[in-house]
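Structure, as C-alpha cells:
Order of the sequence lines sets the chain letters (A, B, ...), proteins ahead of strands, with each chain counted from 1. Hydrogens, waters and symmetry mates play no part in the numbers below; they use all other heavy atoms, side chains included.
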Amino acid sequence: MKNVLGVINLFNENEQLEKLTLNRPLASVPFGGRYRLIDFTLSNLMNSNVKNVAILMNQKYRSLMDHLGNGKEWDLNRKNGGLFLLPSFSTWDSDIVQTDLQNLFQHLEFFQKAKQDQLLVINGTLITNIDYRVAFQVHTKNDADITILYPEEKNSSLNQQASKNEMFFIKKSLFLQFIKENAFEKEIHSLSDVIYKFMDQYKVIPYFYPNEVIHVSSIKDYYQANMQLLDPDYFQKLISKPGKICSKEKDDAPVRYTSTSEVMNSLIANGCIIEGKVEGSIIFRGVKVHQGASIKNSIILQKCEIGENAVLENVILDKEVVISPNQILITKTDQPIVIEKGAIIQ
Amino acid sequence: MKRKEMVAMLLAGGEGKRLGPLTQHIAKPAVPFGGKYRIIDFTLSNCTNSGIDTVGVLTQYQPLLLNSHIGIGSPWDLDRKDGGVYILPPFVEKNGGTWYKGTANAIYQNLTFLEHYNPEFVLIISGDHIYAMNYEKMLEFHQENNSDVTIAAIKVPWEEASRFGILNTNSMQQITEFEEKPVEPKNNLASMGIYIFNYERLKEYLILDELDLNSSKDFGKDVLPRMLKDGLRLNAYPFEGYWKDVGTIESLWQANMDLLEEKPPINLNDHQWRIRSVSHNHLPQFIAKTAKIKNSMINEGCHIDGEIEHSVIFTGVKVGKNTYIKDSVIMPNAKIGENVIIHKAIIGENAIIDNGSFISGFHDEVTIINENQSNRRTTFDFKKVVSSKK
C-alpha cells in the first residue's frame, strides 16, 4: 500500500448529532468510552499499511486537530509523508469553500506533488474494522479507474449505500481531472456526485467486503451503537479484528472504586472515580460519580461530574457536564436526551 | 552542546533479589506497580514534573523490558531535541571494561556522558522508590545553602531507623555524621538515596574514590563519608510526604494497598503532578452483571465477572464468575478462572489461575504466584477445603 494515499473526507457530514456536533465534526464525536469516530478510519489505514494520510477538514475542526496531534497514535508522525491536514480556508478572491471539490481544488498542489498514484478516499465517520489491502489488490488487478467498497449484506441499493458509506480507490490522474473540471460546476456538490455522474465513462468496479459497518446518523443510532458495546465479545472483536483500533493516549490513572460503589454491566474508562451506582452505562475517561448517585443506561462523556444522590437514566451527557447533587434526569423513551458540553444542571 | 543546569542520573540496574520471582526476568525498576505503572515511572515522572529534561538511566541487570519501556522517553516528554533520556548500560573500551561495581562506580563510568552536558549540578536518584518529589525545590535549597552536596532525608519511625542510613545534623541542617544502619540510632532522619552534587565536586571525588582500592564504590558508604571527612558542606533536605522503598514482597504489596486508602498518600489523579507511563491502547474495562467491586483500583482492558474487594488490578486481567479476590495485587494480563478465591496475594504477569483454585497467605504473609505460570505448579489446590466450608 506504499502507492496509496489515504484521503479522509470530512465534508458532506450531512448527518448531525444535534448537540454532540454543535462544536465538533461528526468524525471527532467520542465513542465507546475512549475512542472518537475517526479512530476507526485512521487505525484501519495504519493496519493496512497506508503511510500517507490527508484529512479534508471542514470548519469546526479544533476538536479534531487536538485529537490528531501529529498523528503519532496511528504511526503517522513520519519524517517523509505521514499526516497531512487540509483544512478549508478563504483566499483573497474567494469565500470559504463550501464543497469538498472546492476544498480539493484549493489543495490541488498537494495532490499533484504526492508520490502515490492511487488514492483511497474514505468518509471518516464509519465505525468498522477493515483491512483495505484485499480491496486494493482487486482494484489493481483489474486495472480499475475506480473501485467502490460496499458492505456485503446491503448491496442492493448501490448508489444510496455508496453515498453513505463512502469508500473508494481512485487513480490519482482521474481524481485530479475530476477536481479540475468540476470544482465550480453549479449542479455538482461533492466528489461522489462527480463519480456517479461519470461512472459510465470509466472502469468502475464494486468490491464487497464482509465486515460490518455502522453508520451513525442520529442520536438514536449513536446511543444504540454505544450500547451494543456492552456485549464484551462484540466490542473486543470490533476493536481488535482484523487490526487494532488505536486512540489518543492519556495519562489517566486506573479507575478508582470506593467502598460505596456499585457497578454492573458497564464500560468504565481510566481516570474515573466511582463512588455511586452505575448500571448498563458507558463512562468515558475522567468522570466522577459521587456517593449515592445512580446512573442507568446512560452515556457519560469525558470529565463529567455527577453530584451526590443525583439520578440519571437514559441520558447522554456531553463532555464536562456537571450534575448538581439530588438532580434527577430520566427519559423513558428510546430517544435519550443530550446535555450539551459544559452545562451545569442544578 | 548546550550546557544544562542539572542532569539527572537514575540508577536502575538493581536486581531486587528480595522481590524473588517478580524479578526473575526483569529489573526491579520495571516491576509493575499501582495498576498501570512500573516502579521507575514515579522517578521518571518526578524528573519531568520538576522540569528536568536530561536523564541518564543506568541499567545493568535484565534490561530488555526496561529498555523497551523507556524507549525514547516520549511518555515522559523526554524525547527531546537537546537532551532527553539516555539508556546507559556498562560498556567496554580499548583497555577493557567492567560491570558497574557500585553506585559511585556506575556514575564514574559515565563521566563522559556528564562531561558532554557539563551541568552545574547532578541529581542522583534510584529507580526503585515510590514517591512524588519536586527536585527543583531541592535544587533551590541546595543553592540557598551553598552546599557541595544535598541529601534528601525523611523522618522514619524510630524502631525502623536501624534499617536505614541515618544522617545526624546540626541546627543548620548541615550533616555532621553518617551512620549506616546504626544499632543504636541517635536520630531518625534517614537518607532517601536522592543526592544533588555540584558537578565539579562530584567529578573530583568520583576519581578519588575510583583510585581507592579499599572502597566499595558506593555513595553512602564511601564517597559521601570521604566528602564529610574533607570538610565539604553536606546538607540534609528535609522531605515530608510519602516515600516507600518497594524492595520486598511485603513492602510492594503494602505500597499497592496504600493507594487504596480513602485519602491515598500519592494522588494518581492529580493533574498537576501526573504519573506517566507507557499505555497500550486497551479497551475500557468491562464490569459484568455478576461483578461486585469495592474499594479497588482497576485498569483498562480488564474484564471482571467476579467480586473484587480492596485490590489492585492491572491491565488486561480477566476475572471469572464466582471468584472472590481480596487484599491482592493482580499483575498485567493474568487470567483468573471461575470459583477462585485469592486472598492477600500478588499474582505475577500473565499467570493463569485455574478454576476452583484457592490462594491465600499463611500466617498473614503475602503469597506470590510467579509470572507466566499456571497456579497448579506453584500452590496447593484447596478447592475441596473451600467447598466444604461453604
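- Comparing B:Thr315, B:Asn299, B:Thr290, B:Leu259 by how many heavy-atom pairs each has under 4.5 Å with chain A, the most go to B:Asn299.
- Remark: A:Glu262 CD to B:Ile293 CD1 distance equals 11.5 Å, nearest 0.5 Å.
- Going from atom CE of B:Met297 over to atom OG1 of A:Thr258 covers 13.5 Å, rounded to the nearest 0.5 Å.
- Residue B:Arg274 touches chain A through its side chain alone, counting heavy-atom pairs closer than 4.5 Å.
- By the 6.0 Å contact criterion, CD on B:Glu261 is enclosed, its count of non-hydrogen atoms from other residues, nucleotides or ligands being greater than 12.
- Listed options A:Ala253, A:Ser266, A:Ser259 were ranked by heavy-atom pairs under 4.5 angstrom with chain B; first place goes to A:Ser266.
- Separating the CD1 atom in B:Ile275 from the CG atom in A:Asp252 is a distance of 13.0 Å, to the nearest 0.5 Å.
- Only the backbone of A:Lys250 has a heavy atom closer than 4.5 Å to any heavy atom of chain B.
- Counting heavy-atom pairs under 4.5 Å between each of A:Ala269, A:Ser247, A:Gly33 and chain B puts A:Ser247 at the top.
- Within the 4.5 angstrom heavy-atom criterion, atoms from both the backbone and the side chain of A:Leu230 approach chain B.
- Within a 6.0 Å sphere centred on CG of B:Asn333, other residues, nucleotides and ligands contribute more than 12 heavy atoms.
- Looking at A:Tyr35, the atoms closer than 4.5 Å to chain B (heavy atoms on both sides) all sit in the side chain, from C-beta outward.
- With a 4.5 Å cut-off on non-hydrogen atoms, B:Ile308 does not touch chain A at all.
- At most 12 non-hydrogen atoms from other residues, nucleotides or ligands lie less than 6.0 angstrom from NZ of A:Lys277.
- Proximity of A:Ile268 to B:Phe286: side-chain heavy atoms (C-beta onward) are nowhere separated by under 4.5 Å.
- Heavy-atom minimum distance, B:Lys36 versus A:Asp251: NZ-C, 4.0 Å.
- The 12-atom threshold is not exceeded at CZ of A:Arg62, counting heavy atoms of other residues, nucleotides or ligands nearer than 6.0 Å.
- Of the atoms belonging to A:Gln236, heavy atoms from both backbone and side chain fall under 4.5 Å from chain B.
- The environment of A:Ile330 atom CD1 is dense: over 12 non-hydrogen atoms of other residues, nucleotides or ligands sit within 6.0 angstrom.
- Annotation for A:Lys288: atom NZ does not count as buried by contact number, only 12 or fewer foreign heavy atoms lying within 6.0 Å.
- If you measure heavy-atom distances from A:Ile239 to chain B, the contacts under 4.5 Å come from the side chain alone.
- With values rounded to the nearest 0.5 angstrom, A:Lys244 atom NZ is found 5.0 Å from B:His282 atom NE2.
- The two residues B:Gln285 and A:Asn270 come nearest to each other via the heavy atoms NE2-OD1, 4.2 Å.
- For a residue to count as touching a neighbouring chain, one of its non-hydrogen atoms must lie under 4.5 Å from one of that chain's; by this rule B:Ser279 touches chain A with backbone and side chain alike.
- Nearest heavy-atom pair across A:Arg256 and B:Leu260 is NH2-O, 2.8 Å.
- Heavy-atom pairs under 4.5 Å with chain A were tallied for B:Leu268, B:Ile304, B:Val312, B:Ile298; the largest tally goes to B:Ile298.
- A:Lys303 NZ: 12 or fewer foreign heavy atoms inside a 6.0 Å radius.
- Within 6.0 Å of NZ in B:Lys244 there are more than 12 heavy atoms belonging to other residues, nucleotides or ligands.
- Note: B:Asn281 CG to A:Ile245 CD1 = 9.5 Å, rounded to the nearest 0.5 Å.
- Closest of all the heavy-atom pairs between A:Gly32 and B:Pro284 is O-CG, 3.3 Å.
- Closest heavy-atom contact between B:Glu300 and A:Arg34: OE2-NE, 3.3 Å.
- A distance of 12.0 Å separates CG in B:Asp305 from CE in A:Met264, rounded to the nearest 0.5 Å.
- Only the side chain of B:Tyr37 comes within less than 4.5 Å of a heavy atom in chain A; its backbone stays farther off.
- Between the side chain of B:Lys294 and the backbone N or O of A:Thr260 there is no donor-acceptor pair closer than 3.5 Å.
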